[in-house]
Amino acid sequence: WDSDSKDTCCYVQFNPLVTRSINKLTYRQFHYQAFMSLRNQLARYLFKRLSHNYTQASWDNPYQILLSTIVRDSALVNYSRTRDQVRYVDTALSELIGGEEQKKPYVLMHYEKSVRKGPRSKIEDVLYTLIPSYEFTAQMKKANKRDQYIKEKARQHGLPNPHADQVKK
């Protein structure tokens, strides 16, 4: 490279999944610093899931998710007993409550869990109801505004509908 830079060619390919997301405008604003300040991997997963999927975030519109969904989708809960899974998810959710005194992002005000029991009081599943904090709700509203702005700019510049391949014919 240094000795003969005029005849040297270089090829770089960006990650195809990221490229597709940019081209289709399916990405969302994400608070990376808050994400990296979390220690628990499951807390990071839940923060990312909330940031991407909880577009209607408001303190009076809670997000509900089942323990079985978290276990299935995250692949981070490696306990065979349900009560151990519940304990691990509770730890992750407690970290998301955080706050200034703990130098952690303040994502949730609190969460509630509704245990679904089967025969002989065995835990079958747990429904978690997550109540977002005002700070997180404000971040989601900013992300929604930015998303609308970017899509409007794309329409103004004549870019095709980013969701055209998803429309049923």
Under 3.5 Å donor-acceptor, [X] side chain and [Y] backbone:
X    : Y    : value
R44  : L38  : yes
E112 : Y128 : no
T129 : Q64  : no
S21  : V18  : no
S74  : I70  : yes

**OP:** Decide side-chain contact (heavy atoms from CB on, under 4.5 Å) for F136 and H31; before the verdict, give the C-alpha distance in whole Å, the side-chain angles of both, and the deciding distance to 0.1 Å.
**Re:** CA-CA 10 Å; F136 184 75; H31 195 311; over 6 Å; no
Subject >> Pairs satisfying ring-ring contact (aromatic ring centres under 6.0 Å, His included), at least one member in residues 61-89, at least two apart >> reply: Y54-Y63, Y79-Y88
Original post:
Do NZ/NE/NH1/NH2 and the carboxylate oxygens of D90 and R87 come within less than 4.0 Å?
Top reply: no
Subject >> Ring centres under 6.0 angstrom apart (F30, H52) >> reply: yes
Subject >> For L96, the option from L130, V107, N40 that meets side-chain contact (heavy atoms from CB on, under 4.5 Å) >> reply: V107
Original post:
Between Y45 and F35, is a side-chain contact (heavy atoms from CB on, under 4.5 Å) present by the stated rule, with each step listed?
Top reply: CA-CA 9 Å; Y45 166 80; F35 174 76; over 6 Å; no
**OP:** Please say whether more than 12 non-hydrogen atoms of neighbouring residues, nucleotides or ligands are located less than 6.0 Å from CD in Q56.
**Re:** yes
Subject >> Crowding at NZ, K113 (>12 non-hydrogen neighbours, <6.0 Å) >> reply: yes
Subject >> Min side-chain heavy-atom separation R28-N144 under 4.5 Å >> reply: yes
Subject >> Closest heavy-atom pair and its distance - T137, S58 >> reply: CG2-CA, 3.7 Å
**OP:** Begin from the C-alpha positions of K153 and K151 and carry the test side-chain contact (heavy atoms from CB on, under 4.5 Å) through to its verdict.
**Re:** CA-CA 5 Å; K153 284 293 184 185; K151 288 180 180 168; over 6 Å; no
Subject >> Pairs meeting criterion salt bridge (Lys or Arg N to Asp or Glu O under 4.0 Å) with involvement of residues 62-79, two or more places apart >> reply: R49-D73
Original post:
Hey, mind stepping through L108 and I131 against side-chain contact (heavy atoms from CB on, under 4.5 Å) and telling me if it holds?
Top reply: CA-CA 6 Å; L108 300 177; I131 312 298; over 6 Å; no
